Amino acid sequence: MTLEYLLEKLDYKIIAGQVSQPVSKLIYDSRLACQDGVFVCISGAVADGHTFIREVVQKGVTAVIVEKEVEVPENVTVIRVENTRKALAYMSAAYFGYPAEQLKTIGITGTKGKTTTTYMVKSILEKTGFRTGLIGTIETIIGEKTIPAKNTTPESYVVQEAFREMVDAGIQCVVMEVSSQGLMLDRVSGFTFDYGIFTNLEPDHIGPNEHKDFEEYMYCKGLLFKQCKMGIVNMDDLHYKQVLEGHTCEIETFGFSNEADLCASEPTLINKPGFFGVSYDISGKMDMKVEMDVPGRFSVYNSMAAIAICRHFGVKEEAIKEALLGIRVKGRVEIIPISDAYTLMIDYAHNAMSLESLLVTLREYNPRRLVCLFGCGGNRSRLRRYEMGEVSSKFADLTVVTSDNPRDEEPEAIIEDILVGVAKAEGAYVTIPDRKEAIRYCMVNAKEGDVIVLAGKGHEDYQEIKGKKYHMDERELIAQIRKEENI
């Protein structure tokens with residue numbers, strides 16, 4: 001292919017060279033530079049691709065895409081664009097033959113609910129015979145192949161590469177989580193989603209390495225509705241109108257509001273040994289009763305979003321009901337079978353909003369005690385620590401404060417911040433920095449009727465300390481403790 005083909009949907013200026021030259025490979029990582037490659041210079045938070053130009057040219061790269069003035073060796077084509085991240089997205093789409101045009105693409109954004117909703121959509125569609133790929137926080141799924149995730153929304157090149165592989169594997173639809181940072185950094189530019197979904201919005205991902213403030217966070221979420229054909233939104237969320245400002249798509253709504261296109265009513269909790277579930281009625285564009293073995297009001301919203309999407313694929317009611325009853329998502333209210341006496345679950349709740357939603361939901365099932373174990377990540381907003389500490393102390397009977405991903409900070413310093421929040425409410429608490437020992441404490445001291453939540457890690461199977469990831473899977477820790485304690 002030629003450089004001109006890769007640039008066909010971009011505005012650009014030729015600084016040096018010509019665009020008719022052949023291209024062997026599209027590259028944005030200098031370590032992968034090769035003969036006749038085109039290198040896209042990404043200005044990242046850690047490194048700036050423009051500083052690697054001489055290095056990649058020495059390896060054979062013959063064209064570079066830049067957004068700054070640079071000095072480049074002779075006989076190298078230089079193309080100037082306004083935004084190299086956006087250029088990478090459009091060039092990646094072209095490089096892989098515009099695979100999104102051969103798929104039904106579904107993008108889900110929001111503060112919480114993205115992961116569970118993607119799995120619900122995939123499950124429902126596949127029950128009806130639609131082969132469906134998935135890209136998200138936990139993994140990318142392409143047929144029988146799974147690839148562990150590095151980011152909620154991968155770099156645009158990786159997204160397009162996955163789309164290409166899905167098309168080649170005969171997959172018809174793809175459902176993906178679309179993070180605010182993924183939208184801000186143009187990781188999903190270069191194509192138009194068939195469906196864009198908004199779950200909810202609360203302050204999150206605000207800090208030095210994320211969004212500068214809530215307004216930017218909200219604005220970035222709204223970008224999805226400027227690049228999709230149909231927007232499906234939770235109209236019960238206080239911010240949904242702001243998120244939709246400037247939207248260019250058709251809009252459908254879901255929620256408990258009588259004005260919603262899909263309206264939920266009569267939510268009923270289902271509580272059996274080892275089973276926390278919920279049922280509710282849907283009216284409006286569909287009329288049916290829904291039951292699932294995932295607890296709480298947030299599960300109603302997640303499943304309504306999934307139903308609202310799948311309605312457009314002509315999915316039958318029975319397929320929806322069957323799929324929702326069998327939903328299991330790693331690290332999302334994931335019950336670990338230990339004992340009939342108490343319930344132990346793992347959940348990814350890692351901010352105040354998601355933790356409060358989870359604890360309030362579980363409180364409705366009337367546990368003898370609600371025990372919440374969690375920590376907070378290092379190199380992130382300290383405000384999150386105060387808020388999560390206060391939420392746990394307010395809604396749990398016992399808070400067990402431990403370590404999460406301390407990164408470059410000391411776990412004890414993070415715990416001290418959390419305790420500032422814990423002290424604002426009246427719940428009992430203990431601090432145990434070693435996460436395995438904290439889990440052991442919860443299990444050994446469990447009482448009949450307790451519900452114990454291990455919050456924050458969810459699907460993650462590592463702990464990040466001083467720039468290195470160490471293997472740590474809470475499911476394995478639980479199994480080790482059971483063996484050591486004869487539980």
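Please read these numbers as outputs of a predicted model, since none were measured by experiment.
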For Asn405 and Glu464, indicate whether the former's side chain and the latter's backbone hold a donor-acceptor pair under 3.5 Å. yes
Taking the side chain as every heavy atom from C-beta outward, state whether Val76 and Val61 have any atom pair closer than 4.5 Å. no
Pairing donors with acceptors under 3.5 angstrom, does anything connect the side chains of Thr2 and Ser20? no
Cation-pi check for Phe254 against Lys285: NZ or CZ below 6.0 Å from the six-membered ring centre and within 45 degrees of the axis, yes or no? no
side-chain contact (heavy atoms from CB on, under 4.5 Å) assessment of Phe39 paired with Leu26: CA-CA 6 Å; Phe39 179 63; Leu26 177 62; over 6 Å; no
Could you go through Thr146 and Glu139, starting from their C-alpha distance and side-chain angles, then the distance that decides it, and tell me whether this counts as side chain to side chain donor-acceptor pair (under 3.5 Å)? CA-CA 6 Å; Thr146 61; Glu139 60 197 348; 4.5 Å; no
Within a strict 4.5 Å, meaning less than it, do heavy atoms of the Asp417 and Ile414 side chains meet? no
Output yes when Asp36 and Lys25 qualify as a salt bridge under the 4.0 Å nitrogen-oxygen rule, no when they do not. no
Could you tell me whether a side-chain N or O of Gln242 sits under 3.5 Å from a main-chain N or O of Met218, the two making a donor and an acceptor? no
Nearest heavy-atom approach of Leu355 to Cys372 is CD1-SG, 3.8 Å
Does the distance from a Lys or Arg side-chain N to an Asp or Glu carboxylate O, for Lys457 and Glu460, drop under 4.0 Å? yes
Hey, does the side chain of Asp473 reach the backbone of Asp461 with a donor-acceptor pair shorter than 3.5 angstrom? no
Between Tyr195 and Phe313, is the gap from one ring center to the other below 6.0 Å? yes
Taking the side chain from Asn151 and the backbone from Pro154, do they hold a donor-acceptor pair closer than 3.5 Å? no
Where do Cys249 and Cys228 come nearest, in terms of heavy atoms and distance? CB-O, 3.0 Å
Heavy-atom side-chain proximity of Leu224 to Leu183 below 4.5 angstrom: yes
Where do Thr199 and Asn234 come nearest, in terms of heavy atoms and distance? O-ND2, 2.8 Å
Taking the six-membered ring for Trp, are Tyr5 and Tyr95 ring centroids under 6.0 Å apart? no
Glu161 and Arg164: side-chain contact (heavy atoms from CB on, under 4.5 Å), yes or no, with the steps? CA-CA 5 Å; Glu161 184 178 38; Arg164 178 76 264 160; 5.7 Å; no
Between Lys9 and Tyr98, is NZ or CZ placed under 6.0 angstrom from the six-membered ring centre and within 45° of the ring axis? yes
Using the rule given for salt bridge (Lys or Arg N to Asp or Glu O under 4.0 Å), can you reason through Arg311 versus Glu252, listing the C-alpha separation, both sets of side-chain angles and the distance that settles it, and then say yes or no? CA-CA 12 Å; Arg311 185 183 74 81; Glu252 286 187 0; 2.8 Å; yes
As an exercise, state the distance from NZ of Lys221 to CG of Asn200, rounded to the nearest 0.5 Å. 8.5 Å
Value for CD (Glu266) from OG (Ser279), rounded to nearest 0.5 Å, stands at 9.5 Å
I'd like to know if the side chain of Ser179 and the backbone of Gly182 have a donor-acceptor N/O pair within less than 3.5 Å. yes
Between Thr153 and Gln181, is the side chain to side chain donor-acceptor pair (under 3.5 Å) condition met? List the steps. CA-CA 8 Å; Thr153 306; Gln181 287 221 312; over 6 Å; no
Can you confirm whether the side chains of Thr115 and Arg332 place a donor and an acceptor under 3.5 Å from each other? yes
Can any side-chain N or O of Glu67 pair as donor or acceptor with the backbone N or O of Arg80 at less than 3.5 Å? no
For Glu390, is there an ion pair with Lys394 - N to carboxylate O distance below 4.0 angstrom? no
Are Asp48 and His50 close enough that a side-chain donor and a side-chain acceptor fall under 3.5 Å? yes
Would a distance-only check, ignoring hydrogens and angles, find a side-chain to backbone donor-acceptor pair under 3.5 Å from Ser354 to Asn351? yes
How about Tyr157 and Phe96: are their ring centroids closer than 6.0 Å? yes
If you measure only the distance, is there a donor-acceptor pair under 3.5 Å linking the side chains of Glu259 and Thr253? no
Could you walk me through whether Tyr217 and Thr111 pass side chain to side chain donor-acceptor pair (under 3.5 Å), step by step? CA-CA 10 Å; Tyr217 178 55; Thr111 303; 3.0 Å; yes
Validation row: Thr128, Lys316 side chains within 4.5 angstrom (heavy atoms): no
Any side-chain heavy atom of Leu88 sitting closer than 4.5 Å to one from Ile42? yes
Within the side chain of Lys122, is there an N or O that forms a donor-acceptor pair under 3.5 Å with the backbone of Thr118? no
Begin with the C-alpha distance, continue with both residues' side-chain angles, and end with the deciding distance and a verdict on side chain to side chain donor-acceptor pair (under 3.5 Å) for Asn379 and Asp408. CA-CA 7 Å; Asn379 300 21; Asp408 297 324; 3.0 Å; yes
Using the side-chain contact (heavy atoms from CB on, under 4.5 Å) rule, take Thr192 and Lys229 through it: C-alpha gap first, then chi angles, then the decisive distance, then the call. CA-CA 7 Å; Thr192 300; Lys229 299 173 185 175; 4.1 Å; yes
Looking at every heavy atom in both Gly107 and Val178, which two are closest together, and how far apart are they? CA-CG2, 3.7 Å
Shortest non-hydrogen pair, Cys220 vs Ser180, comes out as CB-O, 3.6 Å
Asp186 side-chain N/O to Ser189 backbone N/O, donor-acceptor pair under 3.5 Å: no
Please table the atom pairs, donor to acceptor, closer than 3.5 Å between any side-chain atom in residues 303-310 and protein atoms at least two apart or in another chain.
residue, atom, partner, partner atom, Å
Ser303, OG, Tyr280, OH, 2.7
Ser303, OG, Ser299, O, 2.9
Ser303, OG, Val300, O, 2.9

Would Tyr301 and Asp237 count as having a side-chain donor-acceptor pair, cut-off 3.5 Å? no
Specify whether Phe198 and Phe225 have parallel, tilted or perpendicular ring planes, treating 30° as the upper limit for parallel and 60° as the lower limit for perpendicular. perpendicular
Distance-only polar pair, side chains of Thr62 and Gln21, donor-acceptor under 3.5 Å: yes
Shortest non-hydrogen pair, Ala63 vs Leu3, comes out as CB-CD2, 3.9 Å
Go through the side-chain N and O atoms of Glu126 and Thr132 and say whether any donor and acceptor fall under 3.5 Å apart. no
Between Thr105 and Asp194: side-chain donor-acceptor atoms closer than 3.5 Å: yes
Carboxylate-amine/guanidinium contact Arg85 Glu155, below 4.0 Å: yes
N/O donor-acceptor pairs under 3.5 Å from side chains in residues 27-34, not counting sequence neighbours:
residue, atom, partner, partner atom, Å
Asp29, OD1, Arg31, N, 2.9
Asp29, OD1, Arg31, NE, 3.0
Asp29, OD2, Arg31, NE, 3.3
Asp29, OD2, Arg31, NH2, 2.8

His350 side chain vs Tyr348 backbone, donor-acceptor pair below 3.5 Å: yes
I'd like to know if Arg385 pairs up with Glu409 as an ion pair, taking the criterion as any Lys NZ or Arg NE/NH1/NH2 lying under 4.0 Å from an Asp or Glu carboxylate oxygen. yes
Does the pair Gln172 and Lys104 meet the rule for a side-chain contact (heavy atoms from CB on, under 4.5 Å), with working shown? CA-CA 6 Å; Gln172 301 155 285; Lys104 284 292 184 181; over 6 Å; no
